[in-house]
Amino acid sequence: MSHAPARQSPVKLPDAPALVAGVRTAIWLSTDGEVEALSLEEAAARALAGPPPLVCHGPATARRLGVDHLPALDLLELFAFVHPARFCLPTPGGLAEVLGLPLPRGPEAEAECLFAATRALLHELADFGRNPAADAQGVAWAMARGGWTWGPSVLAVLGVDGDGSRAAGALDGLRAWRRLGEWEERPPEPPSGSWTVEPVEARARLVQLLGTGAEERPQQAEYAAAVAAAFRPREHQDEPHVVLAEAGTGVGKTLGYLAPASVWAEKNQAPVWVSTFTRNLQRQLDAELD
């Protein structure tokens with residue numbers, strides 16, 4: 001049984017050589033596959049003469065070549081356009097790893113990797129171009145107008161003419177606010193009430209939480225009534241009441257303090273924050289609140 005090959009969108013690679021600058025020499029790989037080892041000075045002169053070569057990390061390449069500015073097709077820029085906010089090591093090997101390509105071994109393999117990475121990224125862009133809701137067309141058109149080196153190649157893959165005739169509302173991709181829902185300013189939340197929690201209220205809420213048929217625990221009821229004192233209205237600003245309560249294991253301390261806390265939250269229409277010392281106790285607290 002024969003299988004048809006996977007169908008891929010046809011993409012045209014930019015007519016540009018690949019350049020990998022090392023510490024002392026540079027590798028120049030032409031579109032015909034011819035490999036040349038050049039001095040850094042020779043590579044700089046050839047790159048400045050044009051056309052802009054494919055590089056990985058343009059600023060670092062320019063520094064190694066000893067030039068202030070290097071016109072180039074930086075693969076990291078194309079990667080950031082296709083995968084915004086995604087991490088990638090700024091090397092040919094880093095590009096290969098994140099794009100699922102064979103890891104290059106040596107400068108010549110790194111130069112070949114730049115061609116493979118370009119092909120892979122442009123194929124992904126071709127998929128974006130088939131999505132009419134994609135913002136890539138409008139953003140690429142705006143960036144190309146600003147002089148982005150990758151602009152012509154990216155627009156060609158996305159199917160956008162140089163004048164933006166196919167980028168329906170070419171700048172819509174930059175108008176993110178159009179996708180935001182309606183909203184309006186709201187007044188600040190009113191301050192919470194200051195109604196106290198009486199011990200009898202804490203005891204009654206505890207009975208309600210335990211339900212009918214629960215085991216009577218006088219110590220638990222006394223604990224809840226004692227904790228209620230922490231919810232008395234403050235007599236001085238920034239001086240809350242503090243209660244240090246202790247009870248043995250099995251008394252039911254969790255429900256003991258949740259009872260007065262829930263009464264206060266209900267009466268004063270405000271939240272009560274409960275902080276535990278361990279994660280296990282926090283999980284137990286979540287279960288009790290459910």
Side-chain angles (χ1 to χ4, degrees), residues 5-67 69-83 88-129 136 140 143-144 147-162:
R7 186 177 180 183
Q8 287 186 319
S9 303
V11 298
K12 182 180 179 180
L13 299 184
D15 187 16
L19 170 62
V20 175
V23 177
R24 296 181 179 177
T25 59
I27 295 297
W28 187 279
L29 177 61
S30 71
T31 54
D32 297 329
E34 181 182 356
V35 180
E36 297 181 76
L38 307 175
S39 68
L40 297 180
E41 292 78 9
E42 292 174 329
R46 187 176 296 187
L48 292 174
L54 296 172
V55 301
C56 180
H57 202 323
T61 304
R63 284 194 298 270
R64 287 192 171 183
L65 297 181
V67 297
H69 175 66
L70 179 68
L73 294 165
D74 194 339
L75 265 296
L76 294 182
E77 293 182 8
L78 183 61
F79 177 83
F81 181 83
V82 181
H83 298 286
C88 171
L89 287 174
T91 64
L95 282 171
E97 183 176 9
V98 76
L99 294 176
L101 301 174
L103 293 178
R105 305 295 181 186
E108 293 185 14
E110 290 181 348
E112 294 175 357
C113 178
L114 297 186
F115 283 124
T118 302
R119 186 177 298 105
L121 290 170
L122 291 182
H123 273 296
E124 291 190 59
L125 274 180
D127 293 336
F128 294 166
M143 293 177 64
W148 187 35
T149 314
W150 281 104
S153 299
V154 170
L155 290 178
V157 172
L158 294 176
V160 181
D161 297 332

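Atoms considered below: every heavy atom in the structure, side chains included; atoms not considered: hydrogens, waters and symmetry mates.
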Novice: With rounding to the nearest 0.5 Å, note down the distance linking NE2 in H57 to CZ in R63.
Specialist: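 One finds 6.0 Å between NE2 of H57 and CZ of R63.
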Novice: What are the two closest heavy atoms between P92 and C113, and how far apart are they?
Specialist: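 The answer is O-SG, 3.5 Å.
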Novice: Quick check: closest heavy atoms across H69 and L48, and the distance to 0.1 Å?
Specialist: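 So the two residues come closest at O-CD2, 3.7 Å.
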Novice: If we only count heavy atoms from C-beta on, is the L13 to R119 side-chain gap below 4.5 Å?
Specialist: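 In contact.
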Novice: What distance do L122 atom CG and L158 atom CG have between them, rounded to the nearest 0.5 Å?
Specialist: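 With rounding to 0.5 Å, CG (L122) is 9.0 Å from CG (L158).
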Novice: With a 4.5 Å heavy-atom cut-off, do L114 and C56 have their side chains touching?
Specialist: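 Counting from C-beta outward, L114 and C56 do come under 4.5 Å.
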Novice: With a cut-off of 6.0 Å (strictly less than), are more than 12 heavy atoms of other residues, nucleotides or ligands near CD of E36?
Specialist: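 More than 12 heavy atoms, drawn from other residues, nucleotides or ligands, come within 6.0 Å of this atom.
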Novice: Taking all atoms of both residues into account, what is the closest heavy-atom pair of V154 and A140, and its distance?
Specialist: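 Scanning both residues completely, I find the closest heavy atoms to be CG1-CB, 3.7 Å.
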Novice: Just how far is it from atom OG1 of T91 to atom CG of L103, taken to the nearest 0.5 Å?
Specialist: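 Interatomic distance, T91 OG1 to L103 CG, rounded to 0.5 Å: 9.5 Å.
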Novice: Flag the pair E110 / I27 as yes when at least one side-chain heavy-atom distance between them is below 4.5 Å, and no otherwise.
Specialist: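 A side-chain contact is absent here, since even the closest heavy-atom pair is not under 4.5 Å.
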Novice: For the pair E124 and L99, evaluate side-chain contact (heavy atoms from CB on, under 4.5 Å) and give the outcome as yes or no after the intermediate values.
Specialist: CA-CA 11 Å; E124 291 190 59; L99 294 176; 3.9 Å; yes
Novice: Which atom pair, heavy atoms only, marks the closest approach of G93 to P104?
Specialist: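 That would be CA-CD, 3.9 Å.
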Novice: For a 4.5 angstrom cut-off between non-hydrogen side-chain atoms, does L78 reach L73?
Specialist: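 Sidechains of L73 and L78: no contact.
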Novice: Side chains of V157 and W150: does their closest heavy-atom pair fall under 4.5 Å?
Specialist: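 The answer is no, as the side chains (C-beta and beyond) never meet within the 4.5 Å cut-off.
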Novice: Answer yes if the side chains of E77 and W148 hold a donor-acceptor pair under 3.5 Å, and no otherwise.
Specialist: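 Result is yes, a qualifying pair exists.
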Novice: How long is the straight-line distance from OG1 of T118 back to CG of L75, given to the nearest 0.5 Å?
Specialist: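 Going from CG on L75 over to OG1 on T118, the span is 4.0 Å.
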Novice: Do you know the tightest heavy-atom contact between D15 and P51?
Specialist: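 D15 and P51 have their closest heavy atoms at O-CG, 3.9 Å.
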Novice: When you measure from the side chain of D74 to the backbone of L76, do you find a donor-acceptor pair of N or O atoms at a distance under 3.5 Å?
Specialist: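 Such a contact is found between D74 side chain and L76 backbone.
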Novice: Locate the shortest heavy-atom distance separating P17 from P52; write the atom from each residue and the value.
Specialist: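 The pair with the smallest heavy-atom distance is CD-O, 4.4 Å.
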Novice: Does any part of the side chain of F81, heavy atoms only, come nearer than 4.5 Å to the side chain of L125, both counted from C-beta?
Specialist: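 They are in side-chain contact.
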Novice: Once you round to the nearest 0.5 Å, how far does CZ of R46 lie from CG of L19?
Specialist: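 Between atom CZ of R46 and atom CG of L19 there are 10.0 Å.
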Novice: If I take atom CZ from residue R64 and atom CG from residue L70, how far apart are they, to the nearest 0.5 angstrom?
Specialist: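 Reported value, rounded in 0.5 Å steps: 13.5 Å.
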Novice: Side chains of T149 and P71, heavy atoms from C-beta outward: is any pair under 4.5 Å?
Specialist: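 When only atoms from C-beta onward are counted, P71 and T149 do not touch, as no gap falls below 4.5 Å.
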